[in-house]
Number of protein chains: 2
Amino acid sequence: MAVIAEPGLRERTRRAVQAEVAAVAMDLFARNGFEHTTVDQIVAAAGMSPRSFFRYFASKEDVVLGAEEAIGQWVADALAARPKTESPWQAARRAFDLLVERNDADEQRNLILRRMLADAPSLRAGHLKKQSRWQELLAPHLANHLPPPPRGRRLDPRPLAIAAAALACLNTAQDAWVREDGRVPFGQLLDESMTAVGPL
Amino acid sequence: MAVIAEPGLRERTRRAVQAEVAAVAMDLFARNGFEHTTVDQIVAAAGMSPRSFFRYFASKEDVVLGAEEAIGQWVADALAARPKTESPWQAARRAFDLLVERNDADEQRNLILRRMLADAPSLRAGHLKKQSRWQELLAPHLANHLPPPPRGRRLDPRPLAIAAAALACLNTAQDAWVREDGRVPFGQLLDESMTAVGPL
DNA sequence: GCCCGTTGTGGCAGTCACTGTCACCAAATC
DNA sequence: GATTTGGTGACAGTGACTGCCACAACGGGC
């Protein structure tokens, strides 16, 4: 019942194949653009049938966005670890530090990835859809940094709103970072974006 | 060269056909769901070839989301009319009054539409894409409610961040409104969402 | 009345992402 | 050694969308 179960041979080989196909695909995407790369081209380069490709990836976009699921969980965990004395906005910003570090650790790679996101509408759409999952993941933890709702309100929109706003700032900062070609530190752009909306 | 050129006979008939097909399509969507309605079914009901359908709508989603383009411009105009003494957040909230009125004017219709958005992922994706256009439309006007950027910063992320955050709150409020089946006034949910993020 | 370009239309074939089904093969299990 | 089990490829199909082309319908100039 461990949260991260023993990988198991089956799961490990699966991950390996997945990673290798993803690497091949990302290479093609970077060279020819996401939209101009067909699944047929990917599987031809990876030596695999189209049918099997879709057994490893739910969609073509999933090759690029597959990791986001797990990352969202990490951010949620980081948020849960913030002291309750912080304001929700502050806590969110600090939880995002994880993403800032991740970004700074491999700027070149992320620049390519973010550019792909900017160019391919379908990718952007998939990205935003994953982020709405993040919103649901972050909201409950943000509620802990908030005074309790007026009374037995069944549905408090405030945590969801703060989560959505924080993610909106995150995206805006990432876009700005790409537009500056990575010359302005991402953390700084994120700070500017978030302070413009609410006090840190 | 008028911004709104004389409609002209051609344009008027085009709009009429577009509106009629959209009405037929929305009826099918409401009955069978967006995803389970094919373009073939729509054109069969409307007496039109599939090829012509795509001359009137860029995509199936565009039948539902076609109006959003213009609405975004209205909101931007409303925002431009706000006094510069208001804070950006305040000005955004007041500009959204237009949407609140629009929503309250035809609750039943909007409830159906919002439910469709919640159920069909591709529609949601298209919706968010249109909203990123709104962000670009609103940002420059928000800049007028903000102290000028530090120095000759080429790209100020602050107006874009505020626009994105405000739209995020708007969406959250709309989602909450649907989840409450329209029983809680939309304007109230929007107020709660936006005040949670920044002071009005 | 006739030629004319312009504009809207349907039909047809094609692309591309994605799915259901089925038979096959290899490795694990009995 | 027979049998189950999970991964695989081939094939056909769906559904959104596009390019192309031929064919009206319309209006103006002659």
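In the text below, chain A, chain B and the rest are named by the order of the sequence lines, each starting its count at 1.
Side chain A:Arg14 to base D:dG7: no donor-acceptor pair is found below 3.5 Å. No donor-acceptor contact under 3.5 Å links the side chain of B:Arg51 to the base of C:dG8. Taking only distance into account, the side chain of A:Arg55 meets the base of D:dG9 through a donor-acceptor pair shorter than 3.5 Å.
An angle of 10°, rounded to 10°, separates the two end axes of the helix from C:dG1-D:dC30 to C:dC30-D:dG1, each defined over five pairs.
Taking atom CZ of A:Phe53 as the reference point, atom C1' of D:dG7 lies 17 Å away to the nearest angstrom. Here C:dT9 presents its P atom at 11 Å from CZ of B:Arg10, a figure rounded to the nearest Å. Taking atom CD of B:Glu35 as the reference point, atom C1' of C:dT19 lies 15 Å away to the nearest angstrom. In this structure, A:Arg15 places its CZ atom 13 Å from P of D:dG7, rounding to the nearest Å. What separates CG of A:Asp40 from C1' of C:dG14 is a distance of 14 Å, to the nearest Å. B:Glu61 places its CD atom 6 Å from the P atom of D:dC17, with the value rounded to the nearest Å. If you measure from atom CZ of B:Phe57 to atom P of D:dC17, you get 12 Å, rounded to the nearest angstrom. Summarising the geometry, the separation between CZ on A:Phe54 and P on D:dG9 is reported as 14 Å, rounded to the nearest angstrom.
No chain of hydrophobic side-chain contacts below 4.5 Å, direct or via other Ile, Leu, Val, Met, Phe, Trp or Tyr residues, connects A:Leu117 to A:Leu111.
A donor-acceptor pair shorter than 3.5 Å cannot be found between the side chains of B:Gln135 and B:Gln131. Checked by atom type, the side-chain pair B:Glu192/B:Gln188 shows a donor-acceptor distance below 3.5 Å.
Between C:dG10 and B:Ser52, a contact under 4.0 Å exists linking OP1 or OP2 to a side-chain N or O. Side-chain nitrogen and oxygen atoms of A:Tyr56 include none within less than 4.0 Å of the OP1 or OP2 phosphate oxygen of D:dG7.
B:Arg31 has a carboxylate O that lies under 4.0 Å from a charged side-chain N of B:Asp27, or vice versa, which qualifies the two as a salt bridge. The pair A:Arg82-A:Asp97 does not count as a salt bridge, with every side-chain nitrogen at least 4.0 angstrom from each carboxylate oxygen.
For A:Met48, counting side-chain heavy atoms from C-beta on, the closest listed nucleotide (D:dC17, D:dG9, C:dC18) is D:dG9.
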Stepwise side-chain contact (heavy atoms from CB on, under 4.5 Å) test for A:Trp74 and A:Leu99: CA-CA 9 Å; A:Trp74 295 348; A:Leu99 299 172; over 6 Å; no
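At a threshold of 4.0 angstrom between heavy atoms, the contacts of A:Thr37 are confined to the sugar-phosphate backbone, with no base atom among them.
Minimum interatomic distance between B:Val21 and B:Ala46 (heavy atoms only, all atoms of both residues): CG2-CB, 4.3 Å.
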